[in-house]
Amino acid sequence: MNIEQPYIDLYNQHKKAIEKNSSLVFNGAREKAFIHFKKLGFPTDKMEPYLYTNLRKAFEPDYGLNINALEIPINPYEVFHCSVPGLSAHLYFVVNDQFYSNLTQKSDLPKGVLIGSLKDYAKTHPELVEEYYAKIARTNQDGTVAFNTAFAEDGFFMYVPKGVIIEKPIQLINVMRADVDLLANSRNLIIIEEGAQAKVLLCEHTMDKVTFLCNRVTEVFVAKNAIYEHYKLENTHNKMTHIGSLFIEQQANSSVLVNEITLHNGLTRNNTHIALNGEYAETTICGMAIGDKTQHIDNYSLIEHNNANCKSTELFKYVLDDTARGVFSGKIFVAKDAQKTEAFQTNKNICMTKEARMHTKPQLEIYADDVKCSHGATVGQLDENALFYLRSRGIAEPEARMLLMFAFVDDVIGKITVPALQDNIRMLVEKRFRGELSKCIGCINCS
Amino acid sequence: MLEIKNLHANINGKEILKGINLLVKPGEVHAIMGPNGSGKSTLASVLTGNPAFEVTEGEVSFYGKNLLELLPEERACEGVFLSFQYPVEIPGVSMVNFMRTAVNQQRKYRGLEPMSASDFLKLMREKKEYVELDNKLANRSVNEGFSGGEKKRNEIFQMAMLEPRLSILDETDSGLDIDALRIVANGVNALKSAENSTLVITHYQRLLDYIVPDFVHVLYNGQIVKSAGKELALELEEKGYDWIKKEVGE
Ligand SMILES: Nc1ncnc2c1ncn2[C@@H]1O[C@H](COP(=O)(O)OP(=O)(O)OP(=O)(O)O)[C@@H](O)[C@H]1O
Ligand SMILES: [Mg+2]
């Protein structure tokens, strides 16, 4: 079946409406992306790097798309309390693919910082947005990115000017809310200028028991000496498909931390592309996934060492139960001139049942000669000796297993630099392992 | 009171214990000696319920309960404790969390409320002193990166925390320096009472100078082939095992 055709027809019929409900900057990238989409289509599980994840099926249902940007009748600030106890954060919402403007919210952001609707800022600050929009999200390589760029109308925008430090984390809650099956192409753009610092926490939630597909593209530009942290916490129901393509470009001496945590989901594919373009840039990308029943979690990462003396560290952990599927593929590319590169990659996995399955694949492409690179992957069960040791002290088997699973993912949680967030994630993970649905207040996890 | 009758056990289909008989009364200290590979650690594993071993014959009763029917954690809650010959490293599980969980799970088994955080920390502090366990160690993950001697000390610390009725010390002396040996032995002795019994598995008389046994048994080829008083340990130290092997006809 040609599942692309309905979307191609949709675009051709509604191009005017899409353009009208977006901005010139978006529209400028649209046509080329559409051509790329027609050429590439959605990825199949016959091609790299999608071998173990069939995304095409996720595009089959007859979704609604909110092309006319009809207002969603909720005020998330009132109905949604995804509060992290003790976490003091600047709070924002994107409902499906629309930024929710809260006119009553008082901003205590540092001077010069811009946060809000990407569509609106593309209208009020076209030069700024134009300079970055769709510049690193490659529409000619991945059909889902091209598809997003062809259809995207709005999303989240953040600009932190030179030297400005935002102390409190920015919490962006992405809520999926609809009465019918819905597809949302949302778009984020984050600009961290020279020497600036910011932390963003993205929470993914589903509010209704319909089938959702969220196809998101996020571009992040981290300039010289800037520090950026990007946390993603996914806690959605199992009729949700999430495709999250994250593109980060780093300049000299910048430092980035990405931590992607999947607590509960349906089908998830994270594409994380990091380009280390300036010397002495550092990046740490880590993540964990807890999957059971028929959940499917696929983390693909590409780290490009394009300049010398950069360092990347990668750590991903999966705990899979029932018939859950996990996929990890991490590609490290080291360019010819990227001497003194350090790149370390680790992927460790636990399969609790024979039916749970993990596919793990490191990939190194190294053209420089003076580099330190390592990678390692393991798939196993809980350590029987450790389990017996704990039980021999009087700890009941289920509790002992819990302790070991919890210990297994603890180093990923330990990478979180915000203490309140770390505590909260520990609590959610523990509840999840105990089989209590770790839902944050206000969202639905159906089973 | 521990009573072992005609105990046979296998691992991977190979018979290791070939009919063990042993009676340990409250307050008694029994030493078990024997050549490498004779089945001493296997006996300890079987008594504590290690699922890797299969009991094929025999009975073990502990204060009237059929021990072999109980899960490892239930045996622990009944008061059986093993100081492992090779303690396991468990990265990511902190000593504090491990001990708090163990203490509270055992209390729950006995129908007691969980211990308050402050009482628990007080208990930790008190028991650490028994074996002079470094604070640094208590703040780390279970046995992670501990030296051989530190691991053994940590075993005795856990024993002090859990106050078992039967302590099985499997070569707790190996890897300990002279001072540590004395500290650990003093720790064990301080926990001894008229109700608690101890099974000391060791190769050396040295430990038995501190922890004086009421009986010494020789385990050979899966059976107890000789039992006597504490003087047997001295004799073994002097003469080795050959004469015993001859006695049993090999
Ligand atoms: N997992 C296993 N698989 C196969 N054989 C085993 C296993 N564990 C132990 N054995 C065998 O069982 C026998 C008894 O081992 P055990 O560890 O009980 O000896 P031990 O008396 O404690 O020796 P040591 O003094 O060296 O500690 C040995 O021959 C050993 O090789
Ligand atoms: Mg042994």
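Values in this document were obtained by computation on a predicted structure and should not be read as measured data. Below, chain A is the first sequence line, B the second, and so on; all start at residue 1.
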Please tabulate the donor-acceptor pairs under 3.5 angstrom that span chain B and chain A, backbone and side chains included.
residue, atom, partner, partner atom, Å
B:E73, OE1, A:R391, NE, 2.6
B:E73, OE1, A:R391, NH2, 2.9
B:E73, OE2, A:R391, NH2, 3.4
B:E73, OE2, A:E397, N, 3.0
B:L82, O, A:R393, NH1, 2.7
B:L82, O, A:R393, NH2, 3.1
B:Q105, OE1, A:A396, N, 2.7
B:Q106, NE2, A:R393, O, 2.9
B:N143, ND2, A:Y389, OH, 3.2
B:E155, OE1, A:R393, NH2, 2.7
B:E155, OE2, A:Y389, OH, 2.3
B:Q158, OE1, A:R393, NE, 2.6
B:Q158, OE1, A:R393, NH2, 3.4
B:Q158, NE2, A:Y389, OH, 3.0

Which heavy atom of [X] sits nearest a heavy atom of [Y], and at what distance?
X	Y	value
A:F388	B:P51	CD1-CD, 3.8 Å
A:G394	B:C77	O-SG, 3.9 Å
B:V93	A:L403	CG2-O, 3.8 Å

Which portion of B:P87 sits near chain A, non-hydrogen atoms under 4.5 angstrom
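Contact with chain A involves both backbone and side-chain atoms of B:P87.
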Side chain from CB out, backbone as N, CA, C, O: work out which of these in B:V142 comes under 4.5 Å of a heavy atom of chain A, or both, or neither.
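Side chain only.
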Evaluate whether atom NZ of B:K25 has more than 12 neighbouring non-hydrogen atoms of other residues, nucleotides or ligands under 6.0 angstrom away.
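Open: at most 12 neighbouring heavy atoms sit under 6.0 Å from NZ of B:K25.
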Between CG of A:L390 and CZ of B:F98, what distance do you get to the nearest 0.5 Å?
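Reported to 0.5 Å precision, the distance equals 5.5 Å.
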